[in-house]
Amino acid sequence: MIRMLLIGPPGAGKGTQATYIAKKYGIVSISTGDIFRENVKNQTRLGQIVESYLDSGQFVPDSVTNEMIRERLRQDDAHNGFLLDGYPRTVSQVHFLDEVLANRGYELDLVLQLTAQMEELVQRLLLRAERENRSDDTAEVIRNRMALYFEQTTPVTSRYGERGILTRVDGVGSISDVCTRVSTALDLALGSSSRFTTVSADNSLEWALQL
Ligand code: ADP
């Protein structure tokens, strides 16, 4: 059973790697961005609250994001491990998550950070904009999201670095190259402890074609 985070700048390929890791370890992948987008699409109450933040590339207020995550982690499928993709992104979210987990006697096993150069990231996002029509993949909003990531998330990764649970992986290269790197890094970081069962060695990439 693994409880882990996936952190990376916009365009680093978090979604693809999250799918890969979740499948490898048989854990649920929880993406704050996906949950928010789904709620906006369905125009739920949460969706109406967060829509303007997503459109402008700003962070959704911590109070909203934190409560959403607390509720999500309460669901049955998160009891046997999880991968959080895109959360926490601020130091206050780090503290909130620590508390939620500690209340249940849990702690994080690992934080995986995907890295990439800024130019590569912008290129990927502009490509994705042509394909997926996301409201936040325009040049100006991309700049906003990048700036926020580097400003707000650097202190987050430093915290986990100090705890000794941060592993960095270069996210530049083909999807299969990055999956291999991620896999090697996870195996190394988690060791061969029987707590961390690999449920599938399937390297098939058909399901992992998103950026
Ligand atoms: P990206 O990392 O490429 O910006 P995501 O899908 O992870 O894409 O997030 C999309 C948007 O969802 C963010 O720009 C932000 O508005 C909101 N969001 C996602 N995660 C968080 C979070 N942890 N805290 C605040 N806002 C968030």
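Each ligand, and each atom within it, is numbered from 1 in the order the structure gives. None of the values given here were measured: they were computed from a predicted structure.
The shortest N or O to N or O distance between Asp34 and ligand 1 is not below 3.5 Å.
When heavy-atom distances to ligand 1 are checked against a 4.0 Å cut-off, Thr65 comes that close only through its side chain, counted from C-beta outward. Heavy atoms of Phe59 found under 4.0 angstrom from ligand 1 belong to the backbone as well as the side chain.
At the shortest separation from atom 24 (N) of ligand 1 among protein heavy atoms lies Gln93 NE2, 2.9 Å. For atom 23 (N) of ligand 1, the closest heavy atom belonging to the protein is Gly86 O, 2.9 Å. At the shortest separation from atom 27 (C) of ligand 1 among protein heavy atoms lies Phe36 CE1, 3.8 Å. Of the protein's non-hydrogen atoms, the one nearest atom 11 (C) of ligand 1 is Leu54 CG, 3.9 Å. Nearest non-hydrogen protein atom to atom 3 (O) of ligand 1 is Arg145 NH2, 2.8 Å. For atom 10 (C) of ligand 1, the nearest non-hydrogen atom of the protein is Arg37 NH1, 3.6 Å. Scanning the protein heavy atoms around atom 16 (O) of ligand 1, the nearest turns out to be Gln58 O, 2.6 Å. Counting protein heavy atoms only, atom 9 (O) of ligand 1 is closest to Arg89 NH2, 3.5 Å.
Within the 4.5 Å cutoff, the side chain of Tyr160 has heavy atoms near those of the Val94 side chain. At least one side-chain heavy atom of Leu114 sits under 4.5 Å from a side-chain heavy atom of Gln17.
A donor-acceptor pair shorter than 3.5 Å can be found between the side chains of Arg168 and Gln113. Judged purely by distance below 3.5 Å, without hydrogens or angles, the side chains of Ser92 and Asp62 pair a donor atom with an acceptor atom.
When atom types are taken as modelled, the side chain of Lys14 and the backbone of Asp85 share no donor-acceptor pair closer than 3.5 angstrom. Thr32 places a side-chain N or O within donor-acceptor distance of the main-chain N or O of Gly86, the cut-off being under 3.5 Å.
Between Arg134 and ligand 1 there is a heavy-atom distance shorter than 4.0 Å.
Scanning Ile142, Leu84, Leu121, Val60 for the heavy atom closest to atom 26 (N) of ligand 1 points to Val60.
With salt bridges taken as basic N to acidic carboxylate O contacts below 4.0 Å, none links Asp137 and Arg131.
The CG atom of Asp109 lies 9.0 Å from the CE atom of Met1; values are rounded to the nearest 0.5 Å.
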Check the pair Asp55, Asp136 against side-chain contact (heavy atoms from CB on, under 4.5 Å), reporting the backbone distance first and the verdict last. CA-CA 5 Å; Asp55 285 350; Asp136 59 352; over 6 Å; no
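For ligand 1 and Lys14, the ligand atoms under 4.0 Å from any heavy atom of the residue are 2 (O).
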